[in-house]
Amino acid sequence: MDDKVIVRFAPSPTGFLHLGSARTALFNWLAARSRGGRFLLRIEDTDKVRSEQRFLDEILEDLRWLGLDWDGDPIHQSARFDLYRAKAEELVALGAAYREGEAILFRVAPGRTVAFDDLIHGRIAVETETIKDQVLIKSDGSPAYNFCCVIDDAAQGITHILRGDDHISNTPKQILFYEAFGWNLPRFGHMPLILGPDGSKLSKRHGGVSVTEYKAEGFLPAALSNYLVLLGWTPPGGREILGLREAAEIFRIEDMSGVQAKFDAQKLKWMNGEYVLKLPAGEFADLIAAQLRADGLDPNRLPPDRMVQAAEQYRIRIKTLREFGQMADFFFKDDFAREAEGWAKHLGTPEGRSALSLFADRLAGLDDWRHDAIEALCRDLAQEKGMKPAALIHPARLAVSGKTRGAGLFEIMELLGREAVLRRMKEAAQ
RNA sequence: GGCGCUAUCGUCUAGGGGUCAGGACGGAUGGUUCUCAGCCAUCAGACCGGGGUUCGAAUCCCCGUAGCGCUACCA
């Protein structure tokens with residue numbers, strides 16, 4: 001078993017980090033970290049028109065956010081054009097390539113089979129008849145993708161190339177270049193692409209496709225990376241919730257599936273919920289507060305200790321951080337979202353409103369504003385009036401939170417505070 | 001069109017000649033509760049089709065079919 005593993009992730013800074021690319025990065029990172037190897041970055045910015053610094057900044061930020069660290073400084077292809085040209089000239093001198101106008105093309109001789117043993121798919125063979133002469137250097141002087149890819153992989157000493165299935169047909173072309181230079185071949189592994197739920201290529205119309213979007217929606221990096229890693233790889237034993245570090249200990253490229261997987265947003269949500277449950281209370285509250293700010297709500301409307309408690313009330317009920325602001329907006333503003341149907345059902349009738357004002361009047365005299373005292377008062381009142389507690393609870397829940405669902409009413413009341421509770425109940429009872 | 005990859009519940013998958021074809025997400029039903037979520041208890045749900053090989057095929061082989069990818073002086 002060869003001991004050194006050097007892999008790379010080579011993003012092109014022409015857009016945001018796509019989930020599929022993130023997954024590729026994840027598996028390369030896993031391959032390196034599982035074998036004490038190196039995980040390098042290479043910026044494929046040969047397209048100077050489409051490449052932008054802001055895209056690169058965001059891609060690197062997203063990688064860090066996901067928990068992927070890389071070794072050494074990234075290399076930029078845009079700074080290596082001279083090298084690519086020199087290497088192309090070498091092939092011209094060797095007679096393996098020729099000039100055509102300003103461009104340099106590689107001659108592909110027919111009548112040969114180019115084969116390689118793919119780490120994931122096994123042996124893949126292609127006839128050179130099906131490969132036409134390859135552009136090395138374009139007429140505008142920039143290098144063609146397959147060529148600079150090979151030059152850099154060789155220069156960086158890459159031992160394992162783990163990339164998407166869409167590169168399978170590039171591999172034989174690249175192998176030809178390695179042969180022309182007399183270089184050793186790296187191992188190749190082609191992993192299937194992630195598909196949208198309908199089986200087509202994952203795209204915007206399936207929902208979020210960039211890591212940034214998931215971050216904004218309140219997904220936890222550990223959950224997103226965990227889910228992505230499960231698409232195409234099953235840990236021995238079948239455990240599904242496992243951290244990156246843990247995964248690195250048992251990951252083997254050979255265990256990866258060669259089957260394309262559909263992206264299941266529901267399972268991602270479930271998994272995120274699992275990670276939300278595991279967060280320490282302080283960290284959870286901080287994340288919730290940050291999410292509220294990002295979504296235009298002011299977490300300071302609640303004192304810090306109540307903020308923590310409010311977050312805890314909803315922890316089991318939310319799958320993403322953003323859902324807290326949607327379910328618990330009434331803690332942070334008075335023009336909170338109201339469910340029209342529930343409002344009509346519980347507060348649209350004289351009985352509902354009178355139950356509410358009865359409850360509110362009684363509450364006004366309560367000294368001990370804690371949830372258990374409020375609950376005792378509510379139940380005593382219901383018994384006294386010969387009604388079900390629910391007849392008091394539902395109108396009050398709507399008045400106070402605007403929602404038919406959510407945390408326990410009495411806990412909500414305690415956290416929201418007497419003043420706001422009584423005010424909202426009285427307003428709704430009008 | 002040519003070349004290539006793939007094919008187990010709706011989804012992610014385990015299994016790899018003899019299994020009740022296992023798990024997870026989602027779904028359904030019942031219970032608990034002020035609602036929701038959760039929790040508890042159940043349930044439904046799959047080996048793409050056809051030929052071989054074999055005593056026996058989800059598993060091995062071939063052919064179909066379907067999906068996806070590539071077929072650029074994009075990366």
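Hydrogens, waters and symmetry mates are skipped; everything else that's a heavy atom, side chains included, is used. Convention: sequence-line order gives letters A, B, ...; per-chain numbering from 1.
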Undergrad: Work out how far the C1' atom of B:rG26 is from that of B:rG45, and round it to whole angstrom.
TA: 11 Å

Undergrad: Sticking with atom P, work out how far B:rG1 lies from B:rG64, rounded to a whole angstrom.
TA: 13 Å

Undergrad: Which is true for A:T46 with a 4.0 Å heavy-atom rule: it touches a base, it touches only sugar-phosphate, or it touches nothing?
TA: sugar-phosphate

Undergrad: Name the nucleic acid region contacted by A:K201, choosing base, sugar-phosphate or nothing; use a 4.0 angstrom heavy-atom cut-off, strictly under.
TA: sugar-phosphate

Undergrad: Does a side-chain N or O from A:R317 land closer than 4.0 Å to OP1 or OP2 of B:rU35, or not?
TA: no

Undergrad: With both distances kept under 3.5 Å, what pairs with B:rA28, Watson-Crick or G-U wobble?
TA: B:rU42

Undergrad: Quantified in whole Å, what is the C1' atom distance between nucleotide B:rC9 and nucleotide B:rC48?
TA: 14 Å

Undergrad: Under 4.0 Å between a Lys/Arg side-chain N and an Asp/Glu carboxylate O for A:D45 and A:R50?
TA: no

Undergrad: Which one, B:rC3, B:rC34, B:rC74, comes nearest to the side chain of A:V126?
TA: B:rC3

Undergrad: Test side chain to side chain donor-acceptor pair (under 3.5 Å) on A:N272 and A:Y214 and set out the steps.
TA: CA-CA 11 Å; A:N272 201 63; A:Y214 284 87; over 6 Å; no

Undergrad: Under 3.5 Å, is there a donor-acceptor pair between the A:D264 and A:Y227 side chains?
TA: no

Undergrad: Using the P atom on both, measure B:rG50 against B:rA37 and round to a whole Å.
TA: 43 Å

Undergrad: Cut-off 3.5 Å, side chains only: do A:D133 and A:Y98 have a donor facing an acceptor?
TA: yes

Undergrad: Is there a donor-acceptor contact under 3.5 Å linking the side chains of A:Q156 and A:R42?
TA: yes

Undergrad: Just the rounded figure in Å: distance from P of B:rC36 to CD1 of A:I412.
TA: 14 Å

Undergrad: In this structure, how many angstroms lie between the P atom of B:rC36 and the CD atom of A:E339, rounded?
TA: 12 Å

Undergrad: Does any donor atom in the side chain of A:T171 or A:R163 lie under 3.5 Å from an acceptor atom in the other side chain?
TA: yes

Undergrad: Describe the nucleic acid contact of A:G199 in one word from base, sugar-phosphate, nothing, applying a heavy-atom distance below 4.0 Å.
TA: sugar-phosphate

Undergrad: The side chain of A:H167 is closest to which nucleotide in this list: B:rA75, B:rC68, B:rC70?
TA: B:rA75

Undergrad: When you compare B:rC36 with B:rA28, how far apart are their P atoms, in angstrom units rounded to a whole number?
TA: 14 Å

Undergrad: Between B:rG69 atom C1' and A:D118 atom CG, what is the distance in whole Å?
TA: 14 Å

Undergrad: Regarding A:H121 and A:D165, is there a side-chain donor-to-acceptor distance under 3.5 Å anywhere?
TA: yes

Undergrad: Let me know, please, whether A:A390 or A:D47 comes out on the 5' side of the other along RNA chain B by nearest nucleotide.
TA: A:A390

Undergrad: Can you tell which of B:rA37, B:rG4, B:rC34 lies closest to the side chain of A:H394?
TA: B:rC34

Undergrad: What's the closest nucleotide to the A:R397 side chain, out of B:rC70, B:rC34, B:rC5?
TA: B:rC34

Undergrad: Taking the six-membered ring for Trp and the full ring for Phe, Tyr or His, determine whether the centres of A:F251 and A:W233 are under 6.0 Å apart.
TA: yes

Undergrad: For A:H190 and B:rC5, give me the distance from atom NE2 to atom P, rounded to whole Å.
TA: 12 Å

Undergrad: Across all strands shown, which nucleotide pairs with B:rC3 by Watson-Crick or G-U wobble geometry, both distances under 3.5 Å?
TA: B:rG69

Undergrad: Check every strand shown and say whether A:I168 touches a base, only sugar-phosphate, or nothing at a heavy-atom separation below 4.0 Å.
TA: sugar-phosphate

Undergrad: Flag the pair A:K138 and A:D140 as a salt bridge only when some basic side-chain nitrogen lies within less than 4.0 angstrom of an acidic carboxylate oxygen.
TA: no

Undergrad: Using the ring centroid of each side chain, check whether A:F147 and A:F177 are separated by less than 6.0 Å.
TA: yes

Undergrad: What contact category does A:A10 fall into here, base, sugar-phosphate, or nothing, at under 4.0 angstrom with non-hydrogen atoms?
TA: nothing

Undergrad: For the pair made of CD in A:E411 and C1' in B:rU35, what is the distance, rounded to whole Å?
TA: 12 Å

Undergrad: On a whole-Å scale, what distance lies between the P atoms belonging to B:rC61 and B:rG38?
TA: 44 Å

Undergrad: What does B:rU35 pair with, Watson-Crick or G-U, if both distances are under 3.5 Å?
TA: none

Undergrad: In whole Å, I'd like the distance from the CD atom of A:E129 to the P atom of B:rC3.
TA: 11 Å

Undergrad: Across all strands, who's sitting opposite B:rG64 as a Watson-Crick or G-U wobble pair, both distances under 3.5 Å?
TA: B:rC48

Undergrad: Specify the separation, in whole Å, of atom CG of A:L193 and atom P of B:rG69.
TA: 7 Å

Undergrad: Please report the distance separating the C1' of B:rA58 from the corresponding atom of B:rG22, rounded so that it comes out in whole Å.
TA: 14 Å

Undergrad: Just name whichever nucleotide pairs with B:rG18, Watson-Crick or G-U, keeping both distances under 3.5 Å, else none.
TA: B:rC55

Undergrad: Looking only at the side chains, is there a donor atom on one of A:T212 and A:E58 sitting less than 3.5 Å from an acceptor on the other?
TA: yes

Undergrad: Any protein N or O atoms within reach of nucleotides 6-14 of chain B? Criterion: under 3.5 Å, listing atom names and distances.
TA:
from	atom 1	to	atom 2	distance (Å)
B:rU6	OP1	A:H121	ND1	3.3
B:rC12	OP1	A:K262	N	3.0
B:rC12	O2'	A:L230	O	3.4
B:rU13	OP1	A:G232	N	3.0
B:rU13	O3'	A:T234	OG1	3.1
B:rU13	O2'	A:T234	OG1	3.2

Undergrad: Is A:K267 salt-bridged to A:E240, cutoff N-O under 4.0 Å?
TA: yes

Undergrad: In whole Å, what is the span from the CD1 atom of A:I316 to the C1' atom of B:rG38?
TA: 5 Å

Undergrad: What residues in residues 81-116 of chain A put a non-hydrogen atom under 4.0 Å from any atom of RNA chain B?
TA: A:A103

Undergrad: For A:F27 and A:H160, I'd like to know if the aromatic rings sit close, meaning centre-to-centre distance below 6.0 Å.
TA: no

Undergrad: Base, sugar-phosphate, or nothing for A:N170, non-hydrogen atoms under 4.0 angstrom?
TA: base

Undergrad: Near RNA chain B, counting only heavy atoms under 4.0 Å, which residues of residues 131-158 of chain A show up?
TA: A:K132, A:V135, A:K138, A:S139, A:Y145

Undergrad: Do we see a donor-acceptor contact under 3.5 Å between the side chains of A:Q77 and A:D152?
TA: yes

Undergrad: Can you tell me which nucleotide in B:rG38, B:rA75, B:rC34 comes closest to the side chain of A:R50?
TA: B:rA75

Undergrad: Under a 3.5 Å threshold, yes or no: a donor from one side chain and an acceptor from the other, between A:E339 and A:T404?
TA: yes

Undergrad: Using the C1' atoms only, state how far B:rA44 lies from B:rC5, rounded to an integer number of Å.
TA: 34 Å

